[in-house]
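Single-structure report; data block below.
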Amino acid sequence: MISIKSPEEIKVLKEGGRILASVLNEVVFRVKPGVSAKELDDLAYKLIKKSGGEPSFLNYSPPGDTKKYPASLCVSINDEIVHGLPAADKILREGDIVSLDLGLEYKKFFTDMSVTVGVGKISEEAKRLIDATREALERGMREMKAGGRLGDYGFVVKDFAQSAGFSVVKELVGHGVGYIPHEDPDIPNYGKKGEGLKLKEGMVLALEPMLCEGREDVMLGKDGWVWKTKDGLLSAHFEHTIVVEKDGCIVLTKI
Ligand code: MF3
Ligand code: CO
């Protein structure tokens, strides 16, 4: 079932989204060579608690999973795509790219956001991958409006990614969000124009393209959480929570 949020609910989601974006922004400031993923997770936890919210990933079981995610923040480095565990011995090094993915529960409403940033100086290719992933999300978001189709979003994301020379992960998708961390519908980052779910005003969706430097094939890491590229090449990930409106969409996860 796909839920529609009321204007009052969207007001709260906006507040939550703003808090989430500012917390993630603070965490991004802390990224530099020598910092551990655990330090970033601790900071995210502390800032979320201070904001009056709760870290929604902590102890959360994604749909179809029985185990609980043991941290607040997902830290996915280089060939890690998403759901990287923020271990204390996972140290950021100059030249790495790192996806930071954070979820917030605020006044009973959930928002979800991620960004990928470079650690110190990174390669031109890594920079291009990050920029293309951010732009794929931005272009996809422009397709989101009442009456539009999810296939329009997916088409634009994949088409742009491929034109930049990158592949798109198919096995992992975006999702509805708001009352709980993962709601219907699934939102693939590929599709056909004019096909797929018809968007309605008040749908709240987490859009999250994952682009790869090499092939799109993924594998689950040994810890049972982290998804990685099979070929060991880089992957980048950006995510925003948006609300569908009459003539476009509003990004909730922004400062
Ligand atoms: N943003 C991530 C996603 O939508 C949330 C991960 S939940 C976790 O898949 F608990 F598995 F980390
Ligand atoms: Co998400």
Side-chain angles (χ1 to χ4, degrees), residues 2-3 13 16-17 19-21 23-24 27-28 37-38 40-42 44-45 48 53-77 80-87 90 98-106 109-117 133-134 136-137 140-141 144 150 153-154 157 168-189 203-211 218-228 235-244 249 251-254:
I2 300 165
S3 65
L13 282 159
I19 293 168
L20 178 57
V23 169
L24 192 56
V27 175
V28 165
K38 173 82 165 67
L40 299 178
D41 179 54
D42 287 344
Y45 177 85
I48 283 183
E54 291 293 330
S56 60
F57 298 169
L58 186 60
N59 296 319
Y60 174 72
S61 297
D65 223 317
T66 48
K67 52 193 191 331
K68 293 177 170 175
Y69 191 74
S72 306
L73 182 71
C74 300
V75 179
S76 309
I77 301 177
E80 297 177 345
I81 305 163
V82 286
H83 303 175
L85 293 172
K90 194 171 186 176
V98 56
S99 148
L100 303 170
D101 189 350
L102 189 61
L104 172 71
E105 178 183 357
Y106 183 73
F109 286 86
F110 292 82
T111 48
D112 196 348
M113 179 182 188
S114 96
V115 294
T116 299
V117 296
T133 309
R134 189 193 301 104
L137 174 58
M141 287 193 304
M144 308 301 285
L150 275 188
Y153 162 83
V157 168
V168 169
V169 172
K170 307 279 190 318
E171 268 166 79
L172 304 161
V173 294
H175 51 94
V177 63
Y179 298 143
I180 52 173
H182 287 117
E183 297 180 15
D184 286 342
D186 280 354
I187 306 179
N189 295 296
M203 286 182 176
V204 174
L205 307 170
L207 308 175
E208 46 182 323
M210 290 148 260
L211 268 56
V218 304
M219 62 184 189
L220 192 58
K222 277 197 210 81
D223 61 22
W225 283 106
V226 68
W227 288 92
K228 304 163 99 171
S235 177
H237 174 220
F238 279 83
E239 178 174 19
H240 270 308
T241 300
I242 62 113
V243 56
V244 176
C249 78
V251 179
L252 299 174
T253 40
K254 65 167 189 242

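Everything quoted here is computed from the prediction, not taken from an experiment. Note that ligands are numbered from 1 as they come in the structure, with each ligand's atoms numbered from 1 the same way.
Counting atoms of ligand 1 from 1 in the listed order, those under 4.0 Å from a heavy atom of Y60 are 7 (S), 10 (F). In the vicinity of P62, heavy-atom distances shorter than 4.0 Å reach the ligand 1 atoms 11 (F). For ligand 1, the atoms lying closer than 4.0 Å to a non-hydrogen atom of H175 are 4 (O).
Residue M113 holds its CE atom at 13.5 Å from CD1 of I19, rounded to the nearest 0.5 Å. Atom OH in Y106 sits 12.5 Å away from atom CD1 in I48 (nearest 0.5 Å). Between H237 atom NE2 and M210 atom CE the span is 4.5 Å, to the nearest 0.5 Å.
Residue contacts with ligand 1 include E208, since one of its heavy atoms falls under 4.0 Å from the ligand.
When hydrogens are left out, the protein atom nearest atom 5 (C) of ligand 1 is F57 CZ, 3.2 Å; that is the closest non-hydrogen contact. Counting protein heavy atoms only, atom 2 (C) of ligand 1 is closest to D101 OD2, 3.3 Å. Taking atom 6 (C) of ligand 1 as the reference point, the nearest protein heavy-atom neighbour is H83 NE2, 3.3 Å. Atom 12 (F) of ligand 1 has C74 SG, 3.3 Å as its closest protein atom, hydrogens excluded (heavy atom only). For atom 10 (F) of ligand 1, the closest non-hydrogen atom on the protein side is Y69 CB, 3.1 Å.
Looking at heavy atoms from C-beta onward, F110 lies out of side-chain contact with Y179 at the 4.5 angstrom threshold.
The Co ion (ligand 2) is the vertex of the angle joining OD2 of D112 and OE2 of E239, which measures 80° to the nearest 10°.
Between W225 and ligand 1, no pair of N/O atoms sits closer than 3.5 Å. Geometrically, ligand 1 and H182 share a nitrogen or oxygen pair separated by less than 3.5 Å.
When the Co ion (ligand 2) is compared with the N/O/S atoms of E208, atom OE2 turns out nearest.
Annotation: K170, atom NZ; neighbour count of heavy atoms from other residues, nucleotides and ligands within 6.0 Å is above 12.
When all heavy atoms of D101 and E239 are compared, the closest pair comes out as OD1-OE1, 3.3 Å.
Residue contacts to the Co ion (ligand 2): H182 brings no N, O or S atom closer than 2.8 Å.
Using modelled atom types, one side-chain atom of T253 and one backbone atom of T241 make a donor-acceptor pair closer than 3.5 Å.
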Subject >> Worked verdict on L13 versus V243 for side chain to side chain contact (heavy atoms under 4.5 Å, CB included) >> reply: CA-CA 9 Å; L13 282 159; V243 56; over 6 Å; no
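Side-chain atoms of H182 and Y60 form a donor-acceptor pair, as typed in the model, at a separation below 3.5 Å.
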